[in-house]
Number of protein chains: 2
Amino acid sequence: MTNALRAIFPSPDHDHERCASAAIAHAEAQCAARAQRLTPMRRQVLQALLSSHKPLGAYEIIDRLAQKTRPAPITIYRALDFLRENGLVHRIESRNAYVACVHNHGGDDLVVFLICESCGAVGEAPGGAAAEALKASSRAAGFSPRSPLIEIAGICSHCRKR
Amino acid sequence: MTNALRAIFPSPDHDHERCASAAIAHAEAQCAARAQRLTPMRRQVLQALLSSHKPLGAYEIIDRLAQKTRPAPITIYRALDFLRENGLVHRIESRNAYVACVHNHGGDDLVVFLICESCGAVGEAPGGAAAEALKASSRAAGFSPRSPLIEIAGICSHCRKR
DNA sequence: CGCTTCTTGCTGCGGCGCAACATTAAAATC
DNA sequence: GATTTTAATGTTGCGCCGCAGCAAGAAGCG
């Protein structure tokens with residue numbers, strides 16, 4: 001798990017071009033497989049989120065798409081809903097913001113978000129053992145868990161070095 | 001941990017009167033110990049939250065306090081800030097709402113929230129092993145965690161029985 | 001082509017959260 | 001006790017968040 005976490009947090013000098021285009025390619029494949037339509041609007045929203053690993057609020061997304069016509073908030077939310085339903089985007093609850101998923105995990109897989117308070121980047125790690133343990137223990141307590149939400153704020157290694 | 005989770009989720013037929021007054025007493029003790037002032041406003045906000053184990057939004061709190069004068073939102077937020085800083089109230093990020101703390105844990109202790117989607121009640125359990133494991137593994141990944149946020153939505157045992 | 005379905009646009013609204021400043025109340029100091 | 005200092009509350013205002021309800025346009029299908 002340690003390695004998974006390390007591997008997953010975006011390094012400031014990774015090949016982000018490649019990273020983003022891989023995510024787009026995955027989105028296309030995912031939608032094709034599910035017979036879902038990755039429309040221009042949805043693609044634009046996803047690309048806006050893929051421009052960095054920092055979560056964006058809906059209104060920030062609007063600003064970035066505001067080339068000719070400025071889309072209404074509801075338009076963005078609908079695109080985000082679609083992308084989330086298809087596991088392409090996550091909502092960061094503690095930020096009221098959204099990040100593109102670069103992890104290619106199953107739709108209902110548990111994910112741990114590492115949120116750097118310095119650079120704002122968000123890393124996404126498989127929940128793995130810890131999440132399963134949480135589910136198991138809450139189940140043992142008579143609670144029927146849907147899926148745990150785990151967000152960890154802190155300082156990433158790259159920011160700490162500086 | 002299993003027992004802790006079970007013990008902590010509020011049963012619909014627990015002695016809530018006692019539960020709430022104990023929390024108030026603890027708040028007074030806590031504030032006295034820290035030389036902090038539990039003003040009428042702050043006490044009222046805490047009591048509003050203690051009226052149930054369901055998280056309340058800031059504007060719901062306003063409605064409940066609206067006896068004579070309707071406090072402004074900022075007033076509530078300031079009271080909530082104070083109560084949170086003193087570990088008397090938690091914010092449920094996934095709900096944009098707040099619950100009174102009935103767990104008497106240390107200020108920076110890790111807490112797991114069990115949120116029943118049926119009755120809306122929130123149980124609070126010591127994060128214990130799972131939270132420590134999360135911190136440890138994120139630290140091993142070079143990440144310096146502040147404190148993990150763990151919220152688990154699902155159905156509580158009392159609602160499931162019905 | 002006409003129909004159905006999906007997607008997007010438009011209008012409007014309410015909750016959330018706080019900044020900046022003014023006012024009042026409580027502590028501290030003399 | 002009067003004054004100064006500090007803390008708490010009130011007032012005004014604003015921007016983001018998230019969606020309901022309805023209308024219009026685009027894509028798929030027989």
Side-chain angles (χ1 to χ4, degrees), chain A residues 27-28 30-49 54-86 88-99 120 149 151 153, chain B residues 27-28 31-32 34-49 54-86 88-99 120 149 151 153:
Chain A
E28 285 170 347
Q30 178 86 344
C31 289
R34 296 189 179 198
Q36 297 280 286
R37 292 164 52 197
L38 187 63
T39 64
M41 183 77 255
R42 291 166 178 171
R43 179 188 296 262
Q44 285 172 46
V45 170
L46 180 58
Q47 277 173 330
L49 291 177
K54 302 180 188 178
L56 295 181
Y59 285 58
E60 288 179 283
I61 297 174
I62 291 177
D63 291 341
R64 304 207 175 194
L65 299 195
Q67 307 143 1
K68 317 176 178 183
T69 68
R70 186 179 182 80
I74 184 64
T75 299
I76 305 301
Y77 284 112
R78 284 195 282 230
L80 288 171
D81 286 345
F82 172 88
L83 294 170
R84 282 205 284 163
E85 284 164 9
N86 289 279
L88 303 171
V89 158
H90 297 292
R91 176 179 162 82
I92 306 298
E93 300 286 350
S94 61
R95 295 287 192 278
N96 287 343
Y98 305 83
V99 284
L149 159 68
E151 297 177 8
Chain B
E28 286 172 346
C31 289
R34 296 189 179 197
Q36 298 280 287
R37 294 164 51 196
L38 188 61
T39 64
M41 183 77 254
R42 291 165 178 173
R43 179 188 296 261
Q44 285 172 46
V45 170
L46 180 57
Q47 277 173 330
L49 291 177
K54 302 179 188 177
L56 295 181
Y59 286 59
E60 288 179 282
I61 296 173
I62 291 177
D63 291 341
R64 303 206 175 196
L65 298 195
Q67 307 142 2
K68 317 175 176 184
T69 67
R70 185 179 184 79
I74 184 68
T75 299
I76 303 302
Y77 284 111
R78 284 194 282 230
L80 288 171
D81 286 345
F82 171 88
L83 293 170
R84 282 205 285 162
E85 283 164 9
N86 288 279
L88 303 170
V89 158
H90 297 292
R91 176 179 163 82
I92 307 296
E93 300 286 350
S94 61
R95 295 285 193 279
N96 288 343
Y98 306 83
V99 284
L149 159 68
E151 298 178 9

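The chains referred to below are lettered A, B, ... by the order of the sequence lines, with proteins before strands, and numbering in each begins at 1.
The side chain to side chain contact (heavy atoms under 4.5 Å, CB included) search around Ala32(B) returns none, not counting sequence neighbours. Annotation: side chain to side chain donor-acceptor pair (under 3.5 Å) contacts of Gln47(A) (sequence neighbours excluded): none. Legend: residues meeting side chain to side chain donor-acceptor pair (under 3.5 Å) with Arg43(B), ordered by chain and number and at least two apart, are Glu28(B). Scanning for salt bridge (charged side-chain N to carboxylate O under 4.0 Å, His left out) contacts around Glu93(B) gives Arg91(B), with sequence neighbours left out. Under the side chain to side chain contact (heavy atoms under 4.5 Å, CB included) criterion, Asp81(A) pairs with Arg84(A), Glu85(A), sequence neighbours left out. For Thr75(A), there are no side chain to side chain donor-acceptor pair (under 3.5 Å) partners at least two apart in sequence or on another chain. Not a single salt bridge (charged side-chain N to carboxylate O under 4.0 Å, His left out) links Arg37(A) to another residue, sequence neighbours left out.
The CG-P distance, from Leu65(B) to dT9(D), rounds to 12 Å in whole Å. Distance CG (Leu38(B)) to C1' (dA26(C)): 15 Å, rounded to an integer number of Å. The CD1 atom of Ile62(B) sits 11 Å away from the P atom of dG10(D) (whole-angstrom rounding).
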What string of B, S and - do you get for nucleotides 4-19 of chain C, 5' to 3', if B is base contact, S is sugar-phosphate-only contact and - is no contact with any protein heavy atom under 4.0 Å? --SSBBB-----BBB-

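The backbone N or O of Leu65(A) lies less than 3.5 Å from no partner atom in the side chain of Gln44(A), so there is not a single donor-acceptor pair.
Overall, the helix from dC1(C)-dG30(D) to dC30(C)-dG1(D) carries an axis bend of 30° between its ends, with five pairs at each end and the value rounded to 10°.
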